[in-house]
A.B. asks: 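Handing you a structure now.
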Amino acid sequence: MRSIEHSWNVSPEEAEALQIKLAPKVRIEPIKGAVRSIAGVDCAYSDDDGTIICAAVLLEAESLKVIATACAEKDCGFPYIPGLLSFREAPAAIEAVSKLPEKADILMCEGHGISHPRGFGLACHVGLWLEIPTIGIAKNRLCGDCLPPDKHRGSRSKLICNGRIAGTVLRTQTGVKPIFVSAGHRITLKEAVHWALHCSCEARMPQPIRLAHQEASKHCK
DNA sequence: GCGACAG
DNA sequence: ATCTTGTCGC
């Protein structure tokens with residue numbers, strides 16, 4: 001239950017070691033309690049490259065109506081390295097989510113959860129740090145094998161990493177490229193897929209992620 | 001050595 | 001991530 005606080009000022013080697021150390025702390029389990037709100041968080045980068053702008057948006061779970069928005073701006077303290085994305089975006093994401101007026105029952109992060117080389121993607125890191133249920137929503141595959149799901153909305157296929165089902169390739173809109181859904185922390189894959197689909201009635205990406213993306217981009221210009 | 005590689 | 005409107009395809 002205790003927070004996993006650690007320094008973000010680490011080398012790529014130390015970052016990998018931290019992932020291996022923290023991965024066992026991730027809990028894949030059913031959500032406790034009712035889901036009344038869902039938040040989404042995403043980052044954007046300023047033109048002059050050097051600062052990262054992150055936005056968090058809190059929505060009412062059923063209606064998907066916006067309850068609140070929050071932003072955070074930080075200097076990029078880590079380069080983009082596949083597999084180490086959280087060391088670049090998590091600090092800003094955590095700050096933005098922390099600024100929301102109330103705690104979300106579920107948080108959706110732009111990136112992978114346990115469908116990661118070391119089972120510790122951005123969604124796991126943020127979820128573990130804040131100790132809240134998180135879902136990883138990625139536009140592309142990072143690791144593992146999968147087959148393309150059928151063309152209609154709701155179709156899905158397994159994403160297998162190291163012989164384990166680590167995620168779901170989910171078609172959120174008929175005829176549109178599927179997204180990669182995975183559990184981040186304190187949620188099951190089945191629940192993650194359910195909420196991802198529930199939030200994707202109007203577009204490929206779930207509404208919390210879409211709105212956070214728009215908000216972050218807006219604060220960049 | 002050659003590909004693959006979240007944002 | 002980001003450069004970027006209209007346009008080609010189903």
Side-chain angles (χ1 to χ4, degrees), chain A residues 8 12-13 15-16 18-19 22-23 26 40-56 71-97 107-129 134-148 150-153 159-162 166-185 189 192 196 204-206 208-221:
Chain A
W8 292 102
E13 294 70 27
E16 267 196 42
L18 269 171
Q19 293 183 321
L22 298 173
V26 168
V41 64
D42 189 30
C43 299
Y45 297 85
S46 60
D47 299 316
D48 50 298
D49 190 58
T51 53
I52 176 173
I53 288 78
C54 189
C71 274
E73 185 173 332
K74 282 183 172 294
D75 290 321
C76 287
F78 202 89
Y80 168 66
I81 299 173
L84 298 179
L85 178 64
S86 67
F87 288 86
R88 182 172 172 78
E89 300 194 340
I94 290 167
E95 185 175 318
V97 173
L107 172 65
M108 290 184 173
C109 298
E110 170 102 53
H112 289 275
I114 64 172
S115 47
H116 174 279
R118 290 167 290 283
F120 198 71
L122 173 65
C124 301
H125 212 152
V126 173
L128 198 55
W129 189 284
T134 52
I135 298 173
I137 301 290
K139 297 186 292 296
N140 294 291
R141 185 187 63 84
L142 173 60
C143 66
D145 301 294
C146 60
L147 292 173
D150 285 335
K151 292 182 179 179
H152 57 278
R153 167 179 159 83
L159 174 57
I160 299 177
C161 303
N162 303 312
T168 294
V169 186
L170 179 67
R171 191 83 69 176
T172 54
Q173 292 297 324
T174 300
V176 172
K177 181 181 179 181
I179 63 174
F180 294 79
V181 181
S182 58
H185 186 50
L189 178 58
R204 174 166 89 116
M205 296 300 277
I209 293 291
R210 281 183 73 204
L211 296 179
H213 183 73
Q214 292 176 1
E215 196 66 22
S217 304
K218 186 171 70 183
H219 285 271
C220 255
K221 303 174 183 177

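The figures here come from the full heavy-atom set of this structure, side chains too, leaving out hydrogens, waters and symmetry mates. Model, not experiment: these values are computed from the prediction. Residue numbering restarts at 1 for every chain, and letters A, B, ... go by the order of the sequence lines.
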A.B. asks: Closest approach of L22(A) and L128(A), non-hydrogen atoms and distance?
C.D. replies: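 Result for this residue pair: O-CD2, 3.8 Å.
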
A.B. asks: Grab the CD-P distance between Q214(A) and dT2(C) for me, whole Å please.
C.D. replies: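 Spelled out: CD on Q214(A) to P on dT2(C) is 13 Å.
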
A.B. asks: Pairs counted as Watson-Crick or G-U wobble with both distances under 3.5 Å: what dot-bracket string results for DNA chain C, using | for bases tied to another strand?
C.D. replies: ..........

A.B. asks: Less than 6.0 angstrom separating the ring centers of F87(A) and W8(A), yes or no?
C.D. replies: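 Here the rings of W8(A) and F87(A) have centres that are less than 6.0 Å from each other.
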
A.B. asks: Quick one: does S86(A)'s side chain have a donor or acceptor within less than 3.5 Å of a partner on L122(A)'s backbone?
C.D. replies: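 No: the side chain of S86(A) does not pair with the backbone of L122(A).
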
A.B. asks: For R141(A) and G144(A), indicate whether the former's side chain and the latter's backbone hold a donor-acceptor pair under 3.5 Å.
C.D. replies: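 It does hold such a pair.
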
A.B. asks: Would you say the side-chain atoms of T134(A) pair up with the backbone N or O of A123(A), donor to acceptor, closer than 3.5 Å?
C.D. replies: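 Side chain of T134(A) to backbone of A123(A): a pair is present.
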
A.B. asks: Can you build the contact string for nucleotides 3-10 of chain C? Use B for base contact, S for sugar-phosphate-only contact, and - for no protein heavy atom under 4.0 Å.
C.D. replies: --------

A.B. asks: May I ask you to check whether Q173(A) and R204(A) show a side-chain donor-acceptor distance below 3.5 Å?
C.D. replies: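 There is no such pair between these side chains.
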
A.B. asks: Go through it in stages, so that I can follow the logic: the residues are Q19(A) and H125(A), the test is side-chain contact (heavy atoms from CB on, under 4.5 Å), and I'd like the CA-CA distance, side-chain angles, deciding distance and then a yes or no.
C.D. replies: CA-CA 8 Å; Q19(A) 293 183 321; H125(A) 212 152; 5.6 Å; no

A.B. asks: Under 3.5 Å, side chain of H112(A) to main-chain N/O of A138(A), donor-acceptor pair present?
C.D. replies: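 Answer holds: no.
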
A.B. asks: Could you report the tightest heavy-atom contact between A216(A) and I53(A), atom names first, then the distance?
C.D. replies: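 Nearest pair, atom of A216(A) first, then I53(A): O-CG2, 3.7 Å.
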
A.B. asks: Which atom pairs link the protein and nucleotides 4-7 of chain B when you take only N or O atoms and keep those under 3.5 Å?
C.D. replies:
residue : atom : partner : partner atom : Å
dA4(B)  : O3'  : R141(A) : NH2          : 3.4
dC5(B)  : OP1  : R141(A) : NH2          : 2.5
dA6(B)  : OP2  : Y80(A)  : OH           : 2.5
dA6(B)  : N7   : G83(A)  : N            : 2.9
dA6(B)  : N6   : G83(A)  : O            : 3.0
dA6(B)  : N6   : L84(A)  : N            : 3.4
dA6(B)  : N6   : L85(A)  : N            : 3.2
dA6(B)  : N6   : H116(A) : NE2          : 3.4
dA6(B)  : N1   : L122(A) : N            : 3.1
dA6(B)  : N3   : H112(A) : N            : 2.9
dG7(B)  : OP1  : K139(A) : N            : 2.9
dG7(B)  : OP1  : K139(A) : NZ           : 3.4
dG7(B)  : OP2  : N140(A) : ND2          : 3.0

A.B. asks: Could you walk me through whether R88(A) and C76(A) satisfy the side-chain contact (heavy atoms from CB on, under 4.5 Å) test, starting with their C-alpha distance in whole Å, then the side-chain angles of each, then the deciding distance to 0.1 Å, before giving a yes or no?
C.D. replies: CA-CA 6 Å; R88(A) 182 172 172 78; C76(A) 287; 3.9 Å; yes

